[in-house]
Structures are given as structure tokens and as C-alpha cells.
2 protein chains.
Amino acid sequence: MSSESDFTPPMMRVPEPGTKIRVLVVDDHPPMRIGLVALIKSQPGMDVVAEASDGEEGIEVYEDVRPDVVLMDLRMPGMGGVEAILAIRKKDPEARVIVLSTYDMDEDIHRAIQSGAKSYLLKDMSIEEIASTIRSVYLGDSLLPRQVAERLTERSEREQLTERERDVLESLIKGRSNKEIASSLCLSEDTVKSHLKTLFAKLRVRDRTGAAVEAIRHGIVHLK
Amino acid sequence: MSSESDFTPPMMRVPEPGTKIRVLVVDDHPPMRIGLVALIKSQPGMDVVAEASDGEEGIEVYEDVRPDVVLMDLRMPGMGGVEAILAIRKKDPEARVIVLSTYDMDEDIHRAIQSGAKSYLLKDMSIEEIASTIRSVYLGDSLLPRQVAERLTERSEREQLTERERDVLESLIKGRSNKEIASSLCLSEDTVKSHLKTLFAKLRVRDRTGAAVEAIRHGIVHLK
DNA sequence: GAAATTCTCACCCGTTCGGGGGATGCGAAA
DNA sequence: TTTCGCATCCCCCGAACGGGTGAGAATTTC
């Protein structure tokens with residue numbers, strides 16, 4: 001962290017008049033990538049400087065082109081969007097990444113923002129909303145669409161799960177019984193039941209089935 | 001079924017040299033729609049004649065423009081792709097619809113093919129694969145990518161659920177107990193247990209939690 | 001008309017599950 | 001230091017669950 005200990009003042013990248021916003025597009029769906037590139041190029045004041053089809057490639061390309069804004073899909077094969085954002089922001093803490101996802105699950109949104117994304121857009125949003133968010137984020141803002149922000153609020157009303165509770169939850173969704181969860185996590189069955197009790201309370205369900213459904217619905221665990 | 005009882009020979013629409021394949025694009029994601037339109041227009045021998053952003057609009061527009069091929073998303077707000085395909089093929093049994101979906105769940109694929117789709121593509125497929133499928137379907141073929149076909153095979157190995165079993169399954173995923181499922185479906189609890197028994201066997205799980213997870217994983221029931 | 005399937009319900013029985021307590025140790029925060 | 005959250009474990013108990021088996025009625029299929 002030597003870059004944090006020196007005394008160079010934070011260099012804000014301000015928009016230079018007449019210069020286009022340089023965007024990197026990262027998405028694993030070819031037609032979506034084509035669409036995003038076309039969308040951005042059709043907007044005045046911005047241009048696509050590179051594309052990538054997964055997280056790893058996105059990180060590499062970021063280094064090469066140092067774009068002003070990254071438009072990043074979240075769920076991609078191999079390295080997902082969250083890891084990619086973390087890696088990019090580790091190299092460049094000033095990086096401005098906008099997540100563009102199909103899903104509006106609260107956990108996805110939270111993880112994205114937590115990892116440093118400046119905004120979270122949904123793929124069913126209008127080109128105007130996407131373009132204007134790119135501009136805002138480029139200018140240093142960090143705004144969430146109302147629909148997305150509301151989801152985040154819902155989540156914050158749900159109590160946070162502990163690491164162990166997550167372990168039990170994941171094991172539960174694999175179809176295991178309490179006894180099997182216990183042995184798979186090297187715990188006593190009573191401990192598993194204890195975790196389940198708090199888990200049910202936090203997810204506001206009565207039983208393991210409800211817990212499984214809620215966990216999947218909110219993206220707390222991903223299937224496959 | 002009066003159209004089936006007359007003796008007019010089936011009129012095959014054969015490709016006319018020099019004429020472009022007229023494609024209708026139906027997708028609720030603006031950037032994806034832009035991408036698909038750009039993709040198709042970039043291909044020699046095909047052109048986009050109309051776009052729609054949901055099922056209803058797709059049906060209307062189909063009537064107006066009578067395209068050669070429809071590229072249709074499956075999961076859309078309001079009327080989904082399946083209903084739209086059924087409606088389109090009811091009006092024009094010769095309609096050639098290709099589903100282009102994000103998801104490769106076997107139930108989605110099955111429902112799409114069942115409702116009359118000529119092919120089922122995934123959004124992570126290459127533009128070449130998408131373009132060549134449009135050409136093939138236009139020529140009257142009905143081919144599935146290997147990856148998709150394999151999923152269908154998996155499904156056929158799973159025993160088909162009966163109507164009542166689906167009812168119980170849906171109720172189960174709403175977090176209901178056996179007793180509650182019984183009263184919600186106006187059944188005795190023993191009958192519910194009886195359905196659950198066969199359900200577990202068909203889905204190859206031991207308990208309700210496993211049934212819920214498998215049902216969601218394979219798209220047998222959709223959340224929300 | 002026979003066969004198959006589905007839907008319905010019943011009974012028994014053992015296991016699992018979930019709710020109610022409470023207890024310990026441990027590290028971090030106040 | 002004390003308090004707090006967390007993880008771990010224990011006990012009791014009743015309700016819910018899942019397996020086995022069977023069986024009558026209705027519908028469809030052959």
C-alpha cells in the first residue's frame with residue numbers, strides 16, 4: 001500500500017471538453033456486447049475503447065486501455081463480475097465500474113456495490129438511463145436507479161448472515177439432512193440445529209424449505 | 001380446425017434468390033435488442049423488419065409484417081415467450097420462431113419446443129451460430145445446438161409430473177406445510193403426502209427441500 | 001371391455017425436524 | 001474489564017415429515 005502512504009494529492013479526473021468518455025464493455029453475451037457497443041457509440045461524448053467477454057479478460061484489457069468507465073456484467077463464466085471489480089479497483093482505486101446485470105436480486109446488488117461498483121443497472125433499462133448513468137459516473141457521481149436502490153433497502157432490513165450460517169445454508173441447499181450437514185462441516189448435529197434456528201429467524205421462514213427458496217430468490221446462494 | 005380439413009396443399013415458403021430473410025426481433029432488453037438488430041443487419045441475406053419489447057407487441061407486429069423468422073426472448077414481463085409463440089402459430093402455423101434465451105433450463109427448452117419453436121439458442125452463443133440458425137430455420141430446418149439438445153435429453157430421463165403433482169410442488173415452494181397444502185388444494189393431508197411421495201421419486205430427491213431446489217434449478221417452477 | 005394412469009384417501013411407524021430452554025469458550029469492541 | 005456477538009454443544013419434547021402398503025373411483029387408452 002505504498003501508494004497510499006505518499007503525499008500526492010488525489011488527482012480527480014475531470015471531464016475535458018471535446019474529449020469523449022472512454023468506455024470498456026465486459027459481457028459474455030456476444031449480441032449484448034454488440035448492442036452495448038452500438039448504444040455507447042451512438043451517444044455523443046462517449047466511445048468504446050475496448051471489449052472483453054469475461055472477468056479475466058476484463059482485468060487485462062483494463063490495464064491496457066485504462067478506460068474512464070467500465071460497463072460490466074455480473075454473472076459470467078469463470079471469473080465473475082465481483083472478482084473482476086475487486087481486481088481492477090485494487091490496481092486502480094479510481095476505477096469507475098458500472099454493473100449491468102440481468103438480475104435485480106438484493107444480494108447481487110449489495111455484493112457489487114460492496115466491491116466498489118459505482119452503480120448497478122438492469123438490462124431492461126432504457127438506453128437513455130444507461131447512457132446518462134455512464135455520464136454521471138464519469139463525472140464522479142455514484143447513483144443507483146430507484147428500483148435498484150429499493151432492493152438494497154429491502155436487504156438491509158434483513159439481518160446479515162454469519163459465515164457459519166452461510167455454510168449451513170449452502171449445505172442445506174445441496175439437499176443434506178441435519179446429520180449430513182453436521183458431518184460435512186465437522187459439527188455436532190445440535191450445532192447445526194442451532195444455526196438453523198437463527199437462520200430461519202433471519203430469513204423469516206419456518207423451515208428449511210422456506211430457507212432454501214428465500215436464499216435462492218434473493219441470490220444469497222447461486223444454484224449450479 | 002377447419003383449416004386442417006380442407007385440401008389445399010401445404011404452401012412451402014422457399015427462399016427466393018436475392019431476397020433477404022425478413023426477421024422480427026422480440027426482446028425486452030433494449031441493449032440486447034440493439035445488438036440483435038445490428039447482428040442481423042450485418043449479415044448478408046437477412047434484415048430486421050420489426051422489433052417488439054414483449055409478447056403482446058410481438059404478436060401484433062407479427063400480424064403486420066409477417067416476417068420470415070422471429071427471434072424471440074422467452075422470459076419477458078407480461079406475456080412470456082411461450083404464450084406469444086402459441087398465439088403466433090395459432091394465427092400462422094407456418095410461423096418460424098427461434099427462441100433466444102439466457103437460460104438453458106430443460107423445462108424452458110421443452111416448453112419452447114413444445115409450443116412450436118423451431119430452435120432454441122442461448123445468448124452466450126456466437127453471432128455465427130445465431131446467424132446460421134436463422135438461415136437454417138428460414139430454410140425449413142429445425143435444429144438444436146448440441147448443448148441445448150443435451151439438456152432436453154436430461155429432461156426426458158426425468159419422469160413427467162402430473163398436473164396435481166405440479167400443484168403440490170408450487171404450493172410447497174410457497175413454504176406451506178403438508179396440512180396447508182392440503183387445505184389450499186382442498187385435499188386430505190394423506191393425499192398431499194401421497195403426491196409428495198411420487199414427486200420425490202420423480203425428481204430423485206428425499207425431501208421437500210430437495211424437491212424445491214430441483215424444481216427451481218430445472219425451471220419447473222419460476223420464482224416470483 | 002380390459003389395461004393403464006391418475007387422483008383420492010387411509011393406516012402404521014419410525015425418523016427428522018423445529019421450538020424452547022440453557023451452557024461454554026473466545027475474541028473483539030466498548 | 002465488561003459486554004457483546006459468534007460458534008459450539010447439550011437436553012427435552014411434540015409436531016411434522018417420509019416410507020411402506022393398500023385400495024376405490026374416474027378417465028383415458030388400447
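Here is the naming used below: chain letters follow the sequence lines, and residue numbers restart at 1 for every chain.
- For A:Gln147, the side-chain contact (heavy atoms from CB on, under 4.5 Å) test picks out A:Asp104, A:Leu122, A:Met125, with sequence neighbours left out.
- For the salt bridge (Lys or Arg N to Asp or Glu O under 4.0 Å) test, residues two or more places apart in sequence or in another chain that qualify with A:Glu214 are A:Arg217.
- Here A:Ala84 pairs with A:Ile59, A:Met72, A:Met79 under the side-chain contact (heavy atoms from CB on, under 4.5 Å) rule; sequence neighbours left out.
- Under the side-chain contact (heavy atoms from CB on, under 4.5 Å) criterion, A:Glu57 pairs with A:Ala52, A:Ser53, A:Asp54, A:Val61, not counting sequence neighbours.
- Scanning for salt bridge (Lys or Arg N to Asp or Glu O under 4.0 Å) contacts around A:Arg111 gives A:Glu107, A:Asp108, with sequence neighbours left out.
- Within the 3.5 Å criterion, the main-chain N or O of B:Lys118 finds a donor-acceptor partner in the side chain of B:Ser142.
- Contacts with DNA chain D (heavy atom under 4.0 Å) in residues 178-197 of chain A: A:Leu187, A:Ser188, A:Asp190, A:Thr191, A:Ser194, A:His195, listed by number.
- B:Lys179 is linked by a salt bridge (Lys or Arg N to Asp or Glu O under 4.0 Å) to nothing, counting only residues two or more places apart in sequence or in another chain.
- B:Ile113 CD1 to B:His110 NE2: the interatomic distance, rounded to the nearest 0.5 Å, is 9.5 Å.
- Not counting sequence neighbours, A:Glu60 has no partner by the salt bridge (Lys or Arg N to Asp or Glu O under 4.0 Å) test.
- In this structure a side-chain-to-backbone donor-acceptor pair under 3.5 Å is missing from B:Arg66 to B:Asp92.
- Shown for residues 201-215 of chain B: residues whose heavy atoms fall under 4.0 angstrom of DNA chain D, namely B:Arg206, B:Asp207, B:Arg208.
- In 5' to 3' order, the nucleotides of DNA chain C bounding all contacts with chain B (an atom under 4.0 Å from a heavy atom) are C:dT6 to C:dC11.
- For the contact set between residues 164-177 of chain B and DNA chain C, defined by any heavy atom under 4.0 Å, the members are B:Arg164.
- Against DNA chain D, the stretch residues 156-163 of chain A makes heavy-atom approaches under 4.0 Å through A:Thr162, A:Glu163.
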